[in-house]
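Written below as structure tokens is the structure these notes are about.
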There are 2 protein chains.
Amino acid sequence: MPKIVDAGARRQEVVEAVFRIIASDGLERASLREVADEAGLAVGSVRHYFASSDELLVHSFAVVIDRIAGRLEEAFAVVESLESGSAEHDAAVLTLLGQFLPLDEELAVDACVWMAFRHAARIRPVLEQEAARSHRAVAAVVGRLVMRLMPDGGSGQDRLVTEAERLLATLDGLCMHALLQPEWMTAEVCRDVLTAHLDTLVALPSNR
Amino acid sequence: MPKIVDAGARRQEVVEAVFRIIASDGLERASLREVADEAGLAVGSVRHYFASSDELLVHSFAVVIDRIAGRLEEAFAVVESLESGSAEHDAAVLTLLGQFLPLDEELAVDACVWMAFRHAARIRPVLEQEAARSHRAVAAVVGRLVMRLMPDGGSGQDRLVTEAERLLATLDGLCMHALLQPEWMTAEVCRDVLTAHLDTLVALPSNR
DNA sequence: ATCTTTTTAGCACAAACGTGCTTGAACCGT
DNA sequence: ACGGTTCAAGCACGTTTGTGCTAAAAAGAT
């Protein structure tokens, strides 16, 4: 029998190289040669684990989606375990929403990669399916969160989707600004914006 | 004397070709050869009006910024001309905010191009300066709008920047979703989210 | 020690890219 | 009619890209 290598671990190493390249040089620089160099391998080796450049990128997209979705589910479980309205509950909600933002090094890389792939998916059909999955996964968590936070528990289907989309848009917008204009967008501003949004969600205006 | 051609108009035609390519195939496909084909010219001709590929892209970025900023200033002038609180005023505000979103063909192209360049500017230093100008121009209009809409006229500097950033993030997030997930994001949802946000801006919660 | 299969590495080709440079074509003022 | 300047077009070179294919190296099973 042949040389035994943990294929899954090798693939993961290559994916990590892809992440580093996208975060520092953008998706268009994530070529097979660049990735191989970054991973300390030869092009042929990378191609042994990924049949083509497309498969490598699609798999990388899937991995970053799973990482983000996993963090969200984990943080949402914490929120659900706490009493609604308590101070710990509110803090856990902020922690959950913070998982979208590039607040530390690891989150920043994931946010970069996530954004890059989602925008690339507008053009590249191979990424379309994963982009849809990404959207569904995140929208599901945000929808459940809004249902939990809204005073009437989200009665009124259309009102619920509006508020879910409103929170989702704010999150993506904050993430974008934090990535593209970090000098104008500190972590403090992010937190202030999020708490302000949550206030508007809980204390809904009565004129509607 | 030589053959006389309106150089400005020719440059504009090339820029429009760049826009169409970015909107349909993405920024990475906006090469000199593709642009020349789309504009019905030869590569050498395009290079006669733009010294390099970088100059073409930077100029295209500048044009789309000017177009968007122009629309915003125009729409903001309408808002300022109307009595605060009137129904026409509210409609004008919605029209202003709608300038960010891909609600028709022309707006969609501009939004695509704008997004593409802003994200590319994270990596490409040549685009950095225009990206900063873009951010300043848009933030200025949104800041003035928030100052006008907030009940206390925006007293409290930090509160004002928080609300301005909150609106800006929501707008960019909506624009992103409308571009990337058009099947989930109809014009109606956009309008609902914007009106919901405006309600939260006017009727601020009292517990702060 | 030898065989077999996985792993790693590399070559070669076509395509596309930006750019320096050259060559006609077009046209206005004289 | 002619000359000089601008516009339009294209060639050529060096890089970079993805991919098909080949071949050496490595290591467990016999």
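First the proteins, then the strands, lettered A, B, ... as listed; each starts at 1.
The NE2 atom of His48(B) sits 5 Å away from the C1' atom of dC7(D) (whole-angstrom rounding). Between the CG atom of Asp6(A) and the P atom of dT6(C) there is a distance of 16 Å, rounded to whole Å. The CG-P distance, from Leu57(B) to dC17(C), rounds to 13 Å in whole Å. For the pair Leu27(B) CG and dG18(C) P, the computed distance is 11 Å after rounding to whole Å. Remark: P of dA8(D) and CG of Asp37(B) are 16 Å apart, rounded to the nearest angstrom.
Of the charged side-chain nitrogens involved, none lies within less than 4.0 Å of a carboxylate oxygen, so that Glu55(B) and Arg47(B) do not count as a salt-bridged pair. The residues Glu16(A) and Arg67(A) are annotated as salt-bridged, a charged nitrogen and a carboxylate oxygen being separated by less than 4.0 angstrom. Salt bridge present: Asp54(B) and Arg124(B) bring a charged side-chain N and a carboxylate O closer than 4.0 Å. Ion pairing between Asp172(B) and Arg118(B) holds under the 4.0 Å rule for side-chain N and carboxylate O. Between Asp25(A) and Arg122(B) no salt bridge is recorded (no basic side-chain N to carboxylate O distance below 4.0 Å). Look at Glu13(B) and Arg10(B) and you find a salt bridge, because one of the NZ, NE, NH1 or NH2 atoms lies within 4.0 Å of a carboxylate O, short of that distance.
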> Can you give one letter per nucleotide of nucleotides 11-23 of chain D, 5' to 3': B if a protein heavy atom sits under 4.0 Å from the base, S if only from the sugar-phosphate, - if neither?
Replying inline: -B----BBBB---
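Of all the residues in residues 15-24 of chain A, not one reaches under 4.0 Å from DNA chain D with any non-hydrogen atom.
Considering only side-chain N and O atoms, Tyr49(A) lies under 4.0 angstrom from the phosphate OP1 or OP2 of dT8(C). One finds no side-chain N or O of Ser45(A) lying less than 4.0 angstrom from the OP1 or OP2 phosphate oxygen of dT7(C).
Taking the six-membered ring for Trp and the full ring otherwise, His135(A) and Trp184(B) have centroids separated by under 6.0 Å.
Annotation: Gln12(A), atom CD; neighbour count of heavy atoms from other residues, nucleotides and ligands within 6.0 Å is above 12.
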